[in-house]
Amino acid sequence: MKLWSQFFIPTLKESPADADITSHKLLVRAGLVRKLAGGLYTYLPLGLRVMRKITQICREEIERGGGIELEMPHLHPVENWQHGPRWPAAREIMFRADSAGDGKRPSREPEFVLGPTHEEVITPLVKAEITSYRDLPKNFYQIATKFRNEIRPRYGLMRAREFVMMDAYSFDVDDPHAIVSYQRMKAAYEAFFRRIGAHAIAVEADTGVMGGSFSHEFMVPAEVGDDDVIYCEASGYAANREKATSALVPKDLADAAPVGATELFPTPGIVTIAALEAAPYSVPADQQFKTLVFMGDGKPFVVILRGGDELEEAKLGSLGFTLFRPATPEEIEPVMGARPGSLGAVRGTIKNAGALAGVFADYAIRLIGNGVTGANQDGHHLRNVNVARDLAVTKFGDFRRVRPGEPCPLSGQPLQVRRGIEVGHIFKLGTKYSEKYGAAYTDDQKQSHPMVMGCYGIGIGRTMQAVIEQSHDADGIVWPWAIAPYQVLVCVLDPQLPEAMELATRLAAAAEAAGADVLVDDRAERPGVKFKDADLIGIPLRVTIGGKGLKEGIIELKARTSKDVRKVPLAEAETQLAAAVHSCRGVA
RNA sequence: CGGGGCGUAGCUUAGCCUGGUAGAGCGCCUGGUUUGGGACCAGGAGGUCGCGAGUUCGAAUCUCGCCGCCCCGACCA
């Protein structure tokens, strides 16, 4: 039992000026966190208790899923990263931690970096320690602070620069076994989110810079989320916008026949899809080819989409470039022969086709059949361009962004979209890291193979905030039992009465014996203040002891989720409180 | 990194346009009255007006630079 007067819960009546989403305001108002600087937060005692409860449940479920806990350094020698597969992309978001000005190194590269995640540490460890198939599978995890120099920290703990994350790494002998490890972790995640009272759904996700073959994100649906989830209720299909596909292009679609020879026509000053849609040209957007040029690891490449479609840049990750970005007009002109607005990929019109790393076409352009595209001469376009006959396509792929309403790839029903907060992510990594670091094992035929890896993350602080986002009311937080900082609040309205405090102590003991953490509000505050604070900090079960009630011989029980107050005779107070605690624990 | 906004007491903020005394509410301290949903009265403490230059007799207020914070976009392991 903890006495409020001897604890530290700095609640606020007013919302801080720099918070604008509910969960962020409540984190601060309920005295859970305080900001040090952008994206950097102190966990106050109450917030720390919630974090601890979440990490403990996480630990239990990951262990159940086969995880073995260890703890790796936060400070990494930069060499570990330089030798890894994603140094160019990762260095941008890493904080550097130079040893204090010893002048021994050029200042361009740090000696150490603060770890944003730990593939670069765990893989060399496993390479050194595990060499036999007999020692596999293994799944190592830790719950530790991570550092990422987010371009834009925001929404409190939602996107912080320093944050607590559970990260796990599985090592298996082959793909089928790796999939088993992956499925076990997926089940562990589902159990974890269920136990803490968060409604999280698994959605197919893009693998991004991580690489790897497939992955799921765990999303808590919320309007303030950073990500769009595309889903179909009929089939259960759910995917991150970056990954989502639709059945827009029929699988059995035949190539359209040419309608005539390609024909050059002047389009002075026309550099947008919309302008070509207007009179006098009147070419519908989806009869135009949109031609984009990117730089991938220093070489230009071309992406072709339908005029009305948008590129989903994340999908370009499947092309295998380590780093890519849109090309500048200055980079485009020498290769294509024209500036953006007049670009196309018709064979023979590209000025220096040899310089290209490839021409990648979205499947949906096959729906165009014959259309209009830039001629690679400023102010000119080509019509009667036939997809199969005329375009210099290296490879078709899915590069477009799906729109709500398009047919679900599984059921054909219209897809829907909603916002969500990403609280966890699981990847089947494959051998990208094990090959790079030489993490291999010897099988029973004395053959060496790279280990097949998976990696898994859960944002602990973000999960805490996501729970607040989906579990609050006008008065404050409504904590699920399992992660409430305290589960029972004994509200002593007249703490100066010795019999009131004596009763509070007895009831607290009874609740603790029943398995609850108990906070006793013994402050010399008016009742209104205590009730408002109680609602704000969201303790699931409230026991009220007042001078009036004592005279009547009753105490009161109230659930945070309900308006109903139950009056309980003093003689039954301990047993009824214990029964209420048991019933809450059962539900949770 | 681009666009926009904001920095005044622990918190929320007024004042700035039109230069001249820095104000309120909450919180805090003292005393009193209260005491079941953020009480009331009286008194009090608390401010380099983000930092630095400049203009001016005089700058919270006008100008420039810097820093910090928030929002939108881009980005996001």
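No hydrogens, no waters, no symmetry mates; every other heavy atom, side chains included, goes into these values. Within every chain, numbering begins at 1; the chains are lettered A, B, ... in the order of the sequence lines, protein sequences first and strands thereafter. Here the structure is a predicted model, which means the values were calculated and not measured.
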On a whole-Å scale, what distance lies between the P atoms belonging to B:rU13 and B:rU8?
-> 9 Å
In whole Å, what is the span from the CG atom of A:Asn149 to the P atom of B:rC75?
-> 17 Å
Look at the aromatic rings of A:Tyr433 and A:Tyr437 and report parallel, tilted or perpendicular, splitting at 30° and 60°.
-> parallel
Rounded to whole angstroms, how far apart are CE on A:Met72 and C1' on B:rA77?
-> 14 Å
Quick test: give all pairs of protein nitrogen or oxygen and nucleotides 41-47 of chain B nitrogen or oxygen below 3.5 Å, distance rounded to 0.1 Å.
none

Please determine if A:Lys428 and A:Asp175 form a salt bridge, counting it only when a charged side-chain N lies under 4.0 Å from a carboxylate O.
-> yes
How far, in whole Å, is B:rG50 from B:rC40 if one measures between their C1' atoms?
-> 38 Å
Taking the side chain of A:Lys35 as its heavy atoms from C-beta onward, which of B:rC69, B:rC71, B:rC75 lies nearest to it?
-> B:rC69
For the residue pair A:His216 and A:Phe218, is the inter-centroid distance of their aromatic rings smaller than 6.0 Å?
-> no
Report all interatomic pairs (protein N or O, nucleotide N or O of nucleotides 23-26 of chain B) with separations under 3.5 Å.
from   : atom 1 : to      : atom 2 : distance (Å)
B:rG25 : N2     : A:Glu14 : OE1    : 3.0
B:rC26 : O3'    : A:Lys13 : NZ     : 3.2

Considering only NZ, NE, NH1 and NH2 on the basic side and carboxylate oxygens on the acidic side, decide whether A:Asp533 and A:Arg523 come within less than 4.0 Å.
-> yes
Could you point out which residue of A:Tyr169, A:Phe214, A:Tyr189 forms a ring pair (Phe, Tyr, Trp, His ring centres under 6.0 Å) with A:Tyr182?
-> A:Phe214
Short side-chain N/O contact from A:Tyr433 to OP1 or OP2 of B:rA77, under 4.0 Å = no
So how far is it from A:Glu422 CD to A:Asn240 CG, rounded to the nearest 0.5 Å?
-> 7.5 Å
How are the rings of A:Phe301 and A:Phe324 set relative to one another: parallel (under 30°), tilted (30 to 60°) or perpendicular (over 60°)?
-> perpendicular
Any stem touching RNA chain B, meaning at least three consecutive Watson-Crick or G-U pairs under 3.5 Å, ordered by first number, would be B:1-7 with B:67-73, B:10-13 with B:23-26, B:28-33 with B:39-44, B:50-54 with B:62-66
Value in whole Å for how far the C1' atom of B:rG36 lies from CD1 of A:Ile554 = 11 Å
Given A:Glu310, A:Arg400, A:Glu312, the one that forms side chain to side chain contact (heavy atoms under 4.5 Å, CB included) with A:Leu305 | A:Arg400
Side chains of A:Thr245 and A:Asp398: is there a donor and an acceptor less than 3.5 Å apart?
-> no
Please report the shortest heavy-atom distance between A:Asp20 and A:Lys25, naming the atom on each side.
-> CA-CE, 3.9 Å
Identify which nucleotide among B:rA77, B:rC69, B:rU13 has an atom closest to any side-chain atom of A:Phe427, counting heavy atoms from C-beta outward.
-> B:rA77
Atom CD1 of A:Ile93 to atom P of B:rC1: distance rounded to whole Å?
-> 16 Å
Between B:rC49 and B:rC6 - C1' atom distance, rounded Å | 14 Å
Polar contact flag, side-chain donor to acceptor under 3.5 angstrom, A:Arg91-A:Gln82 | no
Looking at the side chain of A:Arg542, which of B:rG37, B:rC70, B:rC72 is the nearest nucleotide?
-> B:rG37
For atom C1', what is the distance between B:rG10 and B:rG3, given to the nearest Å?
-> 33 Å
In whole angstroms, the gap separating P of B:rU35 from CG of A:Asp494 amounts to 11 Å
